[in-house]
K.L.:
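Right, I'll just put the structure down here and ask away after.
Note that this is a predicted model, so its numbers are computed, not measured. Throughout, protein chains are lettered first and strands after them, A, B, ... in sequence-line order, and every chain is numbered starting at 1.
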Amino acid sequence: SQQGEEDPQALSIQEGENATMNCSYKTSINNLQWYRQNSGRGLVHLILIRSNEREKHSGRLRVTLDTSKKSSSLLITASRAADTASYFCATDAWGAQKLVFGQGTRLTINP
Amino acid sequence: DGGITQSPKYLFRKEGQNVTLSCEQNLNHDAMYWYRQDPGQGLRLIYYSQIVNDFQKGDIAEGYSVSREKKESFPLTVTSAQKNPTAFYLCASTVSGVENTIYFGEGSWLTVV
């Protein structure tokens, strides 16, 4: 069962622009995480936001969480060609002991 | 270096064969996971294990089997009962706790020939 759904499925922007990806989920969560995957590689953890947090920053990343709307967004500022990858949100539901991943957003940064 | 090692990176399976994907971690993590990823899709959970000698089915366990005889090892067998096994398989591990940040291996590509 897919808990998270990312939007858009694919995003193509020019280098230097900001990229925003959204994630919606269905059940109450303990935390929400964002991961990055380069083509044909494993996933790498980017950032975690707890259910009692509304916003979190890490370098050029900004994540927001709205538990009333069951949604989260990931903003990448001043994008670079190296940011080209797929980005996944994952939710950790209370008592679930496992992460459930969304379908991902495929981000392409054009030089 | 600490991490998760998956092998082989590429594997070809003939119809009716069982194949086993290896996953080893030296992070001293309690929990280990197997995910399947189809091209352009998200990850689907096959099996997971919170402790040695115990494991649970995920969302798509049919046609797969696992064992957890050692803390550092969690091999996945793709049996002949799995009718569409061609996919990218990802192994992951984490310290069991409140915040399950997961660490992934580099994945194994399985193709049926």
K.L.:
When rounded to the nearest 0.5 angstrom, what is the spacing between OG in A:Ser86 and CD in B:Gln37?
P.N.:
7.5 Å
K.L.:
So for A:Gln9, is it side chain, backbone, both, or neither that comes closer than 4.5 Å to the heavy atoms of chain B?
P.N.:
neither
K.L.:
When you measure from the side chain of A:Gln103 to the backbone N and O of B:Gly42, does any donor-acceptor pair fall under 3.5 Å?
P.N.:
yes
K.L.:
Answer with yes or no whether the hydrophobic clustering places A:Met21 together with A:Ile109; edges join I, L, V, M, F, W, Y residues whose side-chain heavy atoms lie under 4.5 Å apart.
P.N.:
yes
K.L.:
Can you tell me how far apart CG (B:Leu45) and CZ (A:Phe101) are? Round to the nearest 0.5 Å.
P.N.:
9.5 Å
K.L.:
Mind checking whether A:Trp34 and A:Ile13 sit in one hydrophobic cluster, side chains of I, L, V, M, F, W, Y counted as touching below 4.5 Å?
P.N.:
yes
K.L.:
Answer yes or no: are there more than 12 heavy-atom neighbours, outside A:Glu55 itself, under 6.0 Å from its atom CD?
P.N.:
yes
K.L.:
Heavy-atom count around A:Arg41 CZ within 6.0 Å, excluding the residue itself: above 12?
P.N.:
no
K.L.:
Within this structure, what is the CG-CG distance for the pair B:Leu90 and A:Leu43, rounded to the nearest 0.5 Å?
P.N.:
6.5 Å
K.L.:
Just how far is it from atom OG1 of B:Thr101 to atom CG of A:Asn31, taken to the nearest 0.5 Å?
P.N.:
7.0 Å
K.L.:
Would a single hydrophobic cluster contain both B:Leu110 and B:Ile60, if residues Ile, Leu, Val, Met, Phe, Trp and Tyr are joined by side-chain heavy-atom contacts under 4.5 Å?
P.N.:
yes
K.L.:
Is the CZ atom of A:Arg106 crowded by more than 12 outside heavy atoms at less than 6.0 Å?
P.N.:
no
K.L.:
For the CG atom of A:Leu99 and the OH atom of B:Tyr35, what is their distance to the nearest 0.5 Å?
P.N.:
5.5 Å
K.L.:
For the residue pair B:Phe88 and A:Gln37, what are the closest heavy atoms and their distance?
P.N.:
CE2-NE2, 3.8 Å
